[in-house]
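All remarks here apply to the structure that follows.
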Amino acid sequence: MPELPEVEVVRLGLERHVVGATITAVEVLHERPVRRDPRGPSGFAAALTGRTVTGARRRGKYLWLPLDNGDALLGHLGMSGQMLVQPAGAPVERHLRVRFALDFGGRGGRPAELRFVDQRMFGGLLVSAGGAGLPSEIAHIARDPLDPEFDDDLFVQRVRRRSAGVKRLLLDQGLISGVGNIYADEALWRARVHGDRPGERLTRKQVTELLGHAREVMAAALVQGGTSFDALYVNVNGESGYFDRSLHAYGREDQPCDRCGTPIRRIAFMNRSSYFCPRCQPVPRVRRV
DNA sequence: CACGGTGCCTGAGAGC
DNA sequence: TGCTCTCAGGCACCGT
């Protein structure tokens with residue numbers, strides 16, 4: 001389950017190992033990952049063949065590779081997606097969905113393949129017409145809190161004008177991107193705020209602190225993940241060591257809160273779970289109607 | 001428009 | 001052993 005730090009590691013790997021390559025062939029082995037491409041699988045392949053990758057960029061959990069004609073290959077890893085750079089002809093992965101043959105021309109690089117591997121196929125790829133700068137498909141996605149241009153004050157203002165629960169707001173890609181279920185729970189635990197608290201009932205200070213905690217959790221994970229890729233292999237590993245050592249709330253149902261010892265509670269939330277300390281993060285008294 | 005609920009997917013693991 | 005059920009969750013989508 002790649003969160004933003006893992007996606008950034010993938011971006012760095014793509015920047016190092018794919019930029020400058022020309023795509024000489026595209027093979028779509030499963031059509032679901034290209035379902036959002038209006039051209040369909042064959043059009044997708046045709047739009048990429050012959051193009052040269054000029055960059056590797058990211059917004060939130062979306063990645064895109066600007067191409068030499070102004071289009072872009074836009075991708076999302078979803079729950080289980082991986083971007084692998086493999087030597088041409090390497091054994092095929094079990095859940096390989098799309099493969100791209102890469103040519104590095106006269107720069108000494110051996111033939112390689114970019115491979116999109118995705119077990120659950122929540123992720124996907126598409127060619128964004130004219131999307132090299134910022135694909136229109138993700139124009140609604142906000143910046144992430146590690147982005148130097150993220151506007152803290154604007155985020156605080158917007159949260160405080162919303163009546164939805166603050167956890168839902170943390171997961172709202174239009175307000176802030178890159179915060180997944182795990183980091184949302186961790187940031188809320190650190191800030192001692194319950195996720196059901198309406199945004200409009202939080203103080204400016206509380207929202208600012210919550211944002212700071214989200215940023216810290218993500219930055220710490222990024223430092224850990226940033227060391228984990230080698231020369232020709234770009235991987236996503238949701239089981240990074242960071243998760244094992246540093247989680248205070250997520251996945252810790254019935255285990256004592258690291259601050260006060262009260263058992264961590266788990267509640268259903270958006271077809272998944274929320275974990276929180278019932279003492280440090282009291283449930284709001286006034287339920288929303 | 002904001003809100004809150006649901007479906008998409010596969011495989012691991014639990015329970016019987 | 002082998003079946004069925006639950007869970008994982010980012011995001012689009014939809015009804016209100």
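Taking atom NE2 of residue A:His95 and atom C1' of nucleotide B:dA12, one finds them 11 Å apart after rounding to whole Å. Protein atom CG of A:Asp185 is 10 Å distant from nucleotide atom P of C:dG10, rounded to whole Å. If you take CE of A:Met218 and P of C:dG10, they are 11 Å apart, rounded to a whole angstrom. A:Arg35 has its CZ atom 9 Å from the C1' atom of C:dA12, to the nearest Å. The CZ atom of A:Arg161 sits 13 Å away from the C1' atom of B:dA2 (whole-angstrom rounding). Atom-to-atom, CG of A:Asp172 to C1' of B:dG5 comes out at 15 Å; the value is rounded to the nearest Å. Per the geometry, CD1 belonging to A:Ile182 stands 7 Å off P belonging to C:dG10, to the nearest Å. Regarding A:Asp118, its CG atom lies at a distance of 11 Å from the P atom of B:dG11, rounded to whole Å.
Between A:Glu31 and A:Arg35 there is no salt bridge, since no side-chain N of the basic residue sits under 4.0 Å from a carboxylate O of the acidic one. Salt bridge present: A:Asp185 and A:Lys167 bring a charged side-chain N and a carboxylate O closer than 4.0 Å. Remark: A:Asp152 engages A:Arg215 in a salt bridge, criterion side-chain N to carboxylate O under 4.0 Å.
The side chain of A:Ser273 lies closest to C:dA8 when the candidates are C:dG10, C:dA12, C:dA8. For A:Gln119, the listed nucleotide lying nearest its side chain is B:dG11; candidates were C:dA12, B:dG11, B:dC3. For A:Asn181, taking side-chain heavy atoms from C-beta onward, the closest of the listed nucleotides C:dG10, B:dT10, C:dA12 is C:dG10. In the set B:dC3, B:dG11, C:dA12, C:dA12 carries the atom at the smallest distance from any side-chain atom of A:Tyr62.
Between A:Gly60 and A:Arg266, the residue whose closest nucleotide on DNA chain C is further toward the 5' end is A:Arg266.
Phosphate proximity of C:dG10 to A:Tyr183: absent, as no side-chain N or O sits under 4.0 Å from OP1 or OP2. Close to C:dG10, at under 4.0 Å from its OP1 or OP2, lies no side-chain N or O of A:Arg120. Considering only side-chain N and O atoms, A:Ser163 lies nowhere under 4.0 angstrom from the phosphate OP1 or OP2 of B:dA2.
Residues A:Arg51 and A:Asp68 are in side-chain contact: their nearest non-hydrogen atoms beyond the backbone lie under 4.5 Å apart.
Counting atom types as modelled, A:Asn271 pairs no side-chain N or O with a base atom of B:dG5 as donor and acceptor under 3.5 Å. The base of C:dG10 sits with one of its N or O atoms less than 3.5 Å from a complementary donor or acceptor on the side chain of A:Arg272. Scanning atom types as modelled, one donor and one acceptor separated by under 3.5 angstrom connect the side chain of A:Arg168 and the base of B:dG4.
A:His248 and A:Trp189 have parallel rings, their planes meeting at less than 30° on a 0 to 90° scale where 60° marks the start of perpendicular.
Heavy atoms of A:His30 sit nowhere under 4.0 angstrom from any nucleic acid atom.
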